[in-house]
Asks: 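Below you will find the structure I want to go over with you.
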Amino acid sequence: MPVLASPPAMPEHEANWKRRLRPGPAVLLGAAAAGVFLWRTLSWPAAASPDAWAYLAWGQAVVRGDAPTYELTSTTPKPLGVMLGALASPLPPERAFGIVVALALGVLVGALFAAGRRRAGAVAGVVGVLAFLAVSMLSAVVAYALIDAVTTALVALAFALRGRSRVAVLVLAGLGRPEAWLLAGVAGFSETAGRWWRRLVAAAAA
């Protein structure tokens, strides 16, 4: 009776890459949450707050190579807001920042689950997400808390990451709320190996 040959084994490096590219539960949960927030945002009548208009106008100016007209609005200029406005400039202006915030909240949910799961298991991750959903006024966040939503998502993502990635995300969050740079300093110290003076230099740089 003929014996069927077994298929050739997958090379180890290829198997490792496939495992890395496979979306984990935190990514899937974050994507699902972003979809729900996006659906909720797009179900409202099209509108934009003064801050959203300002950030988008400044971002569009940067994309065109013009100087942003910060003096024409009462909105406080924030580098992160300008960056987001530039990224969102191809979107319809009355929807652009609602979409940005909805996606940021998806990142926040995924990061909360990942951070809780890493420290105390999947149940802790689920509890963290449920606590966030229970106490957050999400309708107000989606409509008004533009920079705060993105900054909070970045801080939560930093807790889910390690090493230089954690520091980099907190430095980016500081472009929206400078208070995050204090956390970046702490992360720079804790995530740097070596002598104490080297860790202090990393903290100061962060």
Side-chain angles (χ1 to χ4, degrees), residues 12 15-43 78 80 83-84 87 97-194 196 199-200 202-203 205-206:
E12 184 177 351
N16 290 337
W17 271 110
K18 286 197 172 185
R19 279 195 295 269
R20 291 178 184 177
L21 294 175
R22 188 182 303 152
V27 174
L28 295 175
L29 180 61
V36 172
F37 292 132
L38 194 59
W39 167 79
R40 186 69 184 93
T41 300
L42 296 179
S43 68
K78 298 179 181 66
L80 183 59
M83 291 169 55
L84 293 173
L87 293 174
F97 262 85
I99 294 174
V100 169
V101 172
L103 296 178
L105 290 175
V107 172
L108 175 55
V109 168
L112 284 175
F113 176 80
R117 183 187 183 200
R118 171 175 292 173
R119 283 160 179 78
V123 173
V126 171
V127 170
V129 171
L130 293 178
F132 165 70
L133 296 176
V135 303
S136 300
M137 295 181 291
L138 291 176
S139 295
V141 170
V142 170
Y144 304 111
L146 310 180
I147 293 300
D148 290 329
V150 177
T151 303
T152 305
L154 291 173
V155 171
L157 183 60
F159 278 101
L161 297 174
R162 290 176 176 170
R164 294 179 180 177
S165 298
R166 172 176 291 178
V167 180
V169 168
L170 287 172
V171 170
L172 180 61
L175 297 177
R177 293 292 180 190
E179 300 90 334
W181 282 332
L182 297 175
L183 293 176
V186 174
F189 184 86
S190 63
E191 299 295 329
T192 302
W196 66 270
R199 302 176 74 184
L200 287 176

Asks: Where is the tightest heavy-atom contact between Trp196 and Phe189, given as atom of each residue plus distance?
Replies: O-CE1, 4.3 Å

Asks: Would you give the length of the straight line joining atom CZ of Arg118 to atom CZ of Phe159, rounded to the nearest 0.5 angstrom?
Replies: 12.5 Å

Asks: Over all heavy atoms of both residues, which pair between Ala202 and Thr192 is shortest? Give the atoms and the distance, please.
Replies: CB-OG1, 3.2 Å

Asks: Side-chain contact test, heavy atoms from C-beta onward, threshold under 4.5 Å: evaluate it for Leu103 versus Ile99 and give yes or no.
Replies: yes

Asks: Count the heavy atoms of every other residue, nucleotide or ligand shown that sit under 6.0 Å from CZ of Arg119, and state whether that count exceeds 12.
Replies: yes

Asks: Check Met83 against Leu175 and note the closest heavy-atom contact, atom names and distance.
Replies: SD-CD1, 3.9 Å

Asks: Does Ala122 offer a backbone N or O that forms a donor-acceptor pair with the side chain of Arg117 under 3.5 Å?
Replies: no

Asks: Please check this pair: side chain of Arg177 against backbone of Asp148, looking for a donor-acceptor N/O pair closer than 3.5 Å.
Replies: no

Asks: Rounded to the nearest 0.5 Å, how far does CD of Glu191 lie from CZ of Arg164?
Replies: 11.0 Å

Asks: Which atom pair, heavy atoms only, marks the closest approach of Gly174 to Ala180?
Replies: N-CB, 3.7 Å

Asks: Quick one: does any side-chain atom of Ser43 pair with a main-chain N or O of Arg40 as donor and acceptor, under 3.5 Å?
Replies: yes

Asks: Minimum heavy-atom separation for Ala160 to Ala114, with atom names?
Replies: CB-CB, 3.9 Å

Asks: Could you give me the CA-CA distance, side-chain angles and deciding distance for Val109 and Leu105, then say whether side-chain contact (heavy atoms from CB on, under 4.5 Å) is met?
Replies: CA-CA 6 Å; Val109 168; Leu105 290 175; 5.7 Å; no

Asks: Where is the tightest heavy-atom contact between Ala124 and Gly116, given as atom of each residue plus distance?
Replies: CB-O, 3.6 Å

Asks: For Leu87, what residues pass the side chain to side chain contact (heavy atoms under 4.5 Å, CB included) criterion, not counting sequence neighbours?
Replies: none

Asks: Starting at CD1 of Ile147, measure out to CG of Leu80 and round the result to the nearest 0.5 Å.
Replies: 4.5 Å

Asks: What distance do Thr151 atom OG1 and Leu172 atom CG have between them, rounded to the nearest 0.5 Å?
Replies: 8.5 Å

Asks: With no hydrogens and no angle check, is any side-chain donor or acceptor of Trp181 less than 3.5 Å from a backbone partner on Ala206?
Replies: no

Asks: Leu183: which residues meet the side chain to side chain contact (heavy atoms under 4.5 Å, CB included) condition with it, sequence neighbours left out?
Replies: Val155, Leu170

Asks: Do Val101 and Thr41 touch side chain to side chain, with heavy atoms closer than 4.5 Å?
Replies: no

